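Data block below; observations after.
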Amino acid sequence: MTTSTTSTSKNRGLLILLEGLDRAGKTTQCQMLCNSLNEANGPGSCRVQKVPDRTTQIGQMINSYLASKTTLPDQSIHLLFSANRWELRQTILDSIYSGQTVILDRYVPSGVAYSLAKGVADMPIDWCIAPERGLPRPDITLFLDIEPEHANIQSTREDFGQERYEVSEFQVRVRACFKEILGDGEKNSGVLDMGKVITIDACKDIKTVAADIWQAVQSQDVESSEIATIT
Ligand code: NYM
Ligand code: MG
């Protein structure tokens, strides 16, 4: 392990994103990566930010919607998810510029993919991306790819299926949308410019996936002292 992964030569932290379907193992892997980085670079040098952040007022509206306690037009919930990211923007930037690495558990690609998968006629991809423009762009995006059927078999989560979107047929469409917007591993090959995107085979066992993620993060070179923005 080297110490090069939590701060650049310009002394800022990294913004690392883990994306994927429900039950791809994102939350576990975010925690494992964070623990490894904190071990390598010192306690507190890294933190995980869950997106959506359900603790804010907007986050609570999102939570009620996901729990089917409220109904909202597809456009409204889409914009609430985006507004929730805008609420987080300043604290993310503050962390990064103070030298702390932030690992995001979901972010803009989830926002676009889940809305796009609904197939709403007046919500084309440009419309879905528009409110995200100007948000900080991760230095590296790791897409934890899993077959939705595999997620069913592997999962030990008994709470799956309780929330909106947690339905296999919908997850199949979300996966196709993720691939359309992120591309298939090549830089900028997707519709959404997320910078460097690496697909990780998340069907492997937890430790192997963690090792693959660690290797991908190690090979990440930050080119700029300024964090990029989503365009
Ligand atoms: N989700 C998540 C969206 O539909 N749009 C978004 O912008 C984000 C960040 O909410 N099924 C969906 C994906 C999940 C759900 O995420 C909540 P999680 O990681 O299960 O708390
Ligand atoms: Mg979920």
Side-chain angles (χ1 to χ4, degrees), residues 15-34 48-56 58-89 91-92 102-120 123 125 127-138 141-146 148 150-152 154-182 191-192 194 202 230:
L15 187 58
I16 301 171
L17 166 60
L18 267 63
E19 269 294 1
L21 297 179
D22 289 276
R23 295 187 304 163
K26 290 180 301 303
T27 303
T28 304
Q29 293 296 338
C30 281
Q31 206 47 62
M32 288 172 86
L33 177 61
C34 189
V48 176
Q49 176 65 61
K50 238 193 127 357
V51 182
D53 175 356
R54 303 191 192 210
T55 65
T56 68
I58 293 170
Q60 283 165 30
M61 291 168 79
I62 291 170
N63 191 55
S64 301
Y65 174 83
L66 289 171
S68 299
K69 287 181 185 152
T70 50
T71 349
L72 284 168
D74 292 314
Q75 291 85 350
S76 302
I77 185 63
H78 180 82
L79 293 171
L80 283 179
F81 271 115
S82 184
N84 186 249
R85 283 184 277 283
W86 280 98
E87 292 189 286
L88 291 169
R89 174 179 172 271
T91 51
I92 290 171
V102 177
I103 302 172
L104 298 168
D105 182 346
R106 290 193 191 277
Y107 194 53
V108 172
S110 279
V112 180
Y114 280 76
S115 286
L116 210 55
K118 292 177 169 179
V120 177
M123 291 174 71
I125 192 157
W127 190 95
C128 292
I129 294 173
E132 312 292 338
R133 298 191 205 283
L135 283 170
R137 191 187 78 178
T141 296
L142 302 162
F143 177 58
L144 272 57
D145 194 22
I146 199 161
H150 190 92
N152 284 330
Q154 201 180 53
S155 180
T156 53
R157 278 181 47 191
E158 283 166 14
D159 63 339
F160 185 78
Q162 307 274 311
E163 291 203 327
R164 275 185 217 262
Y165 309 146
E166 294 182 340
V167 184
S168 288
E169 307 85 74
F170 187 72
Q171 299 281 320
V172 172
R173 294 211 296 278
V174 175
R175 185 174 183 232
C177 292
F178 266 128
K179 286 182 187 278
E180 182 188 346
I181 63 175
L182 291 177
V191 179
L192 182 66
M194 290 300 292
I230 307 252

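Position 1 is the first residue of the sequence; numbering continues from there. Given the structure is predicted, the values throughout are model-derived calculations rather than measurements. Every number for a ligand or one of its atoms is a count from 1 in the order of the listing.
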Q) With the threshold set at 4.0 Å, does a side-chain nitrogen-carboxylate oxygen contact exist between Lys50 and Asp105? A)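 Asp105 and Lys50: salt-bridged.
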Q) Hey, is Lys50 one of the residues with a heavy atom under 4.0 angstrom from ligand 1? A) yes
Q. Hey, is Arg54 one of the residues with a heavy atom under 4.0 angstrom from ligand 1?
A. yes
Q. Heavy atoms, side chains only, cut-off 4.5 Å: are Val48 and Gln31 in contact?
A.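 SC-SC contact between Val48 and Gln31 confirmed.
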Q: Determine whether Asp22 and Glu163 make a side-chain contact, defined as any pair of heavy atoms from C-beta on separated by less than 4.5 Å.
A: no
Hey, which atoms in ligand 1 end up nearer than 4.0 Å to a heavy atom of [X]?
| X | answer |
| --- | --- |
| Leu66 | 10 (O), 15 (C), 17 (C) |
| Arg85 | 6 (C), 7 (O), 9 (C) |
| Val51 | 9 (C) |

Q.
Hydrogens and angles aside, do Asn84 and Glu87 bring a side-chain donor and acceptor to less than 3.5 Å of each other?
A. yes
Q) Do the ring planes of Phe178 and Phe143 sit parallel (below 30°), tilted (30 to 60°) or perpendicular (above 60°)? A)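 Answer is tilted, since the angle falls between 30° and 60°.
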Q: For the Mg ion (ligand 2), count the protein N, O or S atoms found under 2.8 Å away.
A: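 Excluding waters, the total comes to 1.
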Q | Selection from Phe81, Tyr107, Tyr165 by shortest heavy-atom distance to atom 5 (N) of ligand 1 | A |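 Selected option, by shortest heavy-atom distance: Phe81.
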